[in-house]
Structures are given as structure tokens and as C-alpha cells.
Amino acid sequence: MSISVTDTFELNNGVRIPLIGLGVFQTPPAETTRAVQTALENGYRHIDTAAGYLNEHEVGEGIRRSGLPREDIFVETKIWVSDYGCDATLHAFEKATRKIGVEQLDLLILHQPAVGAFDRTIAAYQALEKLLAAGRVRAIGVSNFTPTLLTRLLTAAEVVPAVNQIELHPYFTQVPSQQADAAHGILTQAWSPIGGITFYPGFGGSGRSTLTDPTLRQIAHDHDKTPAQVMLRWHLQQGRSSIPKSTNPKRIAENIDIFDFELTPDQLARIDALDTGVRGGPNPDQPQSRYFTFHIPEA
Ligand code: A2P
């Protein structure tokens, strides 16, 4: 059966999330409103932001300028580590909703595990559980949680996270994390789904870009599509949510134009085989004291 742009994934609490969303990591505030508006004009119905991106206000502005009803758009944001702790996280929710200009969030997740202070991570997650019970958020989740950290969280949590957003692109597929998420009924959401992290200045990565990978180029050529479209279709066919970032109108449109072709099992396997095991982003198992000194401004 073919998949269409209006289809959704069902989260473990019955809430439905669009198959693909617009990411705004590294989108400067001055370009965010237009990117969000362009995405919504091109059929996107999911925007993924974060307090730490410092562009939540502009995401809200893009949503308002689209003229679409609020309930048609799935809004996801993240609590930054310096706001972890029960009261601090409840306040961080207020900051986020005021900046975005919404009463309720569709998905609120913890941006990173604070491995040096995991008790604060647990307290933050318990605040998300309170917000869920109060109907202020429709679903809650985490980001960058390894299988071990997920297990630690689940011993203290009442609500299983709906989503775990992790670095995932053809050069870093994190199969054990995908399997752990699936075993708990958690939807894996791919950040940097087309491998932007492999070529962003200042990040590690494998030192080569997924966008020029010969295998991806060959598969793209076979379907008259682009490598980015092939990677996004690969996520989709393997049941992952993805949030490609672009500020370029043509590429924003290109990234959601993935519903008119299908990768074969052999092509999916060839993409899986590109995994290098090398992550581009920070290792979530390493304590990062600098996370606590990055302050999220009031609304
Ligand atoms: P730009 O915003 O100029 O389009 P990821 O979401 O995997 O991290 O990738 C984001 C990076 O990939 C950004 O540098 C973005 O730049 C670029 N990008 C987004 N879409 C495409 C595309 N369809 N083709 C090539 N590059 C893209």
C-alpha cells in the first residue's frame, strides 16, 4: 500500500505524528519564520524546535503567518539541560509556550540526558509527566538517550516516552538504540536525518558528506530523485520519524517530495550497510558541564 504525505505514525499513547517534519537546528532566528511558513505551504504539518535553538518565538510566528488552524500543526520542542529539575522544567514549559504562542504542545522532550546529574534528568522527566497528566502536552519523550540511559529512566518513570530523538543518518544508524526504542514501544525520531552533522563546521562526523555518497547518488539516479530524498524515504520506509533542516525554499519542498517512489529491499539494505559507527554529534554518555551553564532566556 502506498504512503501519502497526510499519513501519520501512531505514538504509544494514541497521539498521531506526521511522517516528516521541519527541523530548525542551526536555523538563525531571522530565517526561521520564513522557513516554517514555507514548510507549511509545502505540506509539512510538523515543526521540531528546541529552547536551546533560541528560535521558538520565530517558529510560533511562522505558524501564525501560515494561517493554518493550530490543531492542524504538530508542534514539538525540547527542554534544555539547565532547566532540568521539577519546578525548573515546569517553568521551562511556560517559557516555551509563551515564546511559541501556544497553549498546548504536541510533543515535549528532554533535549539531552544530564549524565553527571541524572537525578535532575529524572526530576525533569517527572515534570513532563505532570504536564501530560494536566493536558498541557499531548505526548512526552526524550532525545539522545542510549539504551542504558533509557533503562535507567524507565525504572523511575511512570510514562514510557513516546519518542526518542537520536542522531540517525546512513553513516550512523545506531541499530542498538533503534532496537531498544522499538522494544519499549518508543518511536525513533532521526535528527540530522540527511547527515547534515557529517559536514557541519565544528562537529566531528566521518569527514565526508552523505550527500555525495556514491551509493546514495546511484540509488537517487535510479529513481530520478536526490540523495536527500533517498535518505528521507529510507527513514520513512523503516518506520522512523525524521526532521530534515533547511532554510532554502527549494530544498524544503524537495525534502517532503518523497511520496512518489519506493526503495526496494535491496536498496534499503545497501543504505543500511553505509553505517560507519562514527557519530557526528556529542556522545550522550559523556558528562558535559557546559550544558548547565547555557541559560535559556525568559519569554
Ligand atoms: P540548507 O538549510 O541550506 O538547505 P540535517 O537535517 O540532516 O542536519 O541536514 C541539514 C543540512 O543539509 C543543512 O546544511 C541544509 O542546508 C542541508 N540540506 C537540507 N536539505 C537538503 C537537500 N535536499 N539537499 C542538499 N542539502 C540539504
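On a predicted model such as this, the values are computed, not experimentally measured, just so you know. In each ligand, atom 1 is the first atom listed, and ligand 1 is the first ligand listed.
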For this session: Kindly check if the number of other-residue, nucleotide or ligand heavy atoms within 6.0 Å of CD (E71) is above 12?
Result: yes

Problem set entry | Residue pairs involving residues 239-273 (criterion ring-ring contact (aromatic ring centres under 6.0 Å, His included); sequence neighbours excluded) | H223-F261

Exercise. Near ligand 1, which protein residues have a heavy atom under 4.0 Å away?
Worked result: S192, P193, I194, G195, G196, F199, Y200, L211, A228, P244, K245, S246, T247, N248, R251, E254, N255

Exercise. Residues two or more places apart in sequence or in another chain: which of them pass side chain to side chain donor-acceptor pair (under 3.5 Å) with D213?
Worked result: Y171

Exercise. Would a line drawn from the ring center of F9 to the ring center of H46 be shorter than 6.0 Å?
Worked result: no

Problem set entry | Where at least one partner belongs to residues 11-29, residue pairs that pass side-chain hydrogen bond (donor to acceptor under 3.5 Å, both in side chains), sequence neighbours excluded | T8-R16, E10-R16

Seminar exercise, completed: Rounded to the nearest 0.5 angstrom, the CG-CD distance for L263 and Q229 is 11.0 Å

